[in-house]
Novice: 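Take a look at this one; I'll ask things after.
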Amino acid sequence: NYSFLDGGFYLFANYLPQNKYFCTLNNKNLTEMHQEHEEMLLNKEVDFVIIRTDKLKELDLTKYDYHEVDRVSQRFHLATVFTYILYQKN
């Protein structure tokens with residue numbers, strides 16, 4: 001999970017992440033976590049990446065040589081709609 005807390009995708013896929021920071025914690029002071037995420041993408045250490053975005057912010061992972069596989073939107077509470085985007089390594 002890139003840019004959000006664990007959404008249960010690993011449990012559903014029956015997969016155990018191999019890296020220390022497999023999701024983004026809501027602590028902006030964890031510089032090590034952000035550096036590891038950036039390095040994993042630059043070094044293509046993961047085959048798939050899931051991001052969650054809202055209409056105000058969307059990350060583009062094509063700059064890391066990943067392509068979009070699928071996306072789905074889901075209402076969260078009453079007013080918030082999140083879009084989950086699955087990227088795969090090229």
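What you see is a predicted model, and the numbers here were worked out from it, not measured in a lab.
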Novice: Suppose we screen for side-chain contact (heavy atoms from CB on, under 4.5 Å). Which residues come up paired with N43, at least two apart in sequence or across chains?
Specialist: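 E39, E45.
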Novice: If you take all heavy atoms of Y66 and K44, which pair is closest and at what distance?
Specialist: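 Smallest heavy-atom distance, with atoms named: OH-CA, 3.5 Å.
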Novice: What's the shortest heavy-atom distance between Y84 and I50, and which atoms?
Specialist: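 That would be CD2-CG2, 4.5 Å.
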Novice: Measure the CD1-CD distance between I51 and E68 for me, rounded to the nearest 0.5 Å.
Specialist: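 Between I51 CD1 and E68 CD, I get 8.0 Å after rounding to 0.5 Å.
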Novice: Looking at NZ of K63 and CG of L42, how far apart are the two atoms once the value is rounded to the nearest 0.5 Å?
Specialist: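 That separation rounds to 9.0 Å.
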Novice: Rounded to the nearest 0.5 Å, how far does OG1 of T83 lie from CZ of R52?
Specialist: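 If we round to the nearest 0.5 Å, R52:CZ and T83:OG1 are 10.5 Å apart.
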Novice: Taking only residues two or more places apart in sequence, or in another chain, which ones meet N90 in a side-chain contact (heavy atoms from CB on, under 4.5 Å)?
Specialist: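 By the side-chain contact (heavy atoms from CB on, under 4.5 Å) rule, N90 matches D65, H67.
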Novice: Does anything in residues 76-90 pair up under salt bridge (charged side-chain N to carboxylate O under 4.0 Å, His left out), and if so which pairs, sequence neighbours excluded?
Specialist: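 Sorted pair list: D47-K89.
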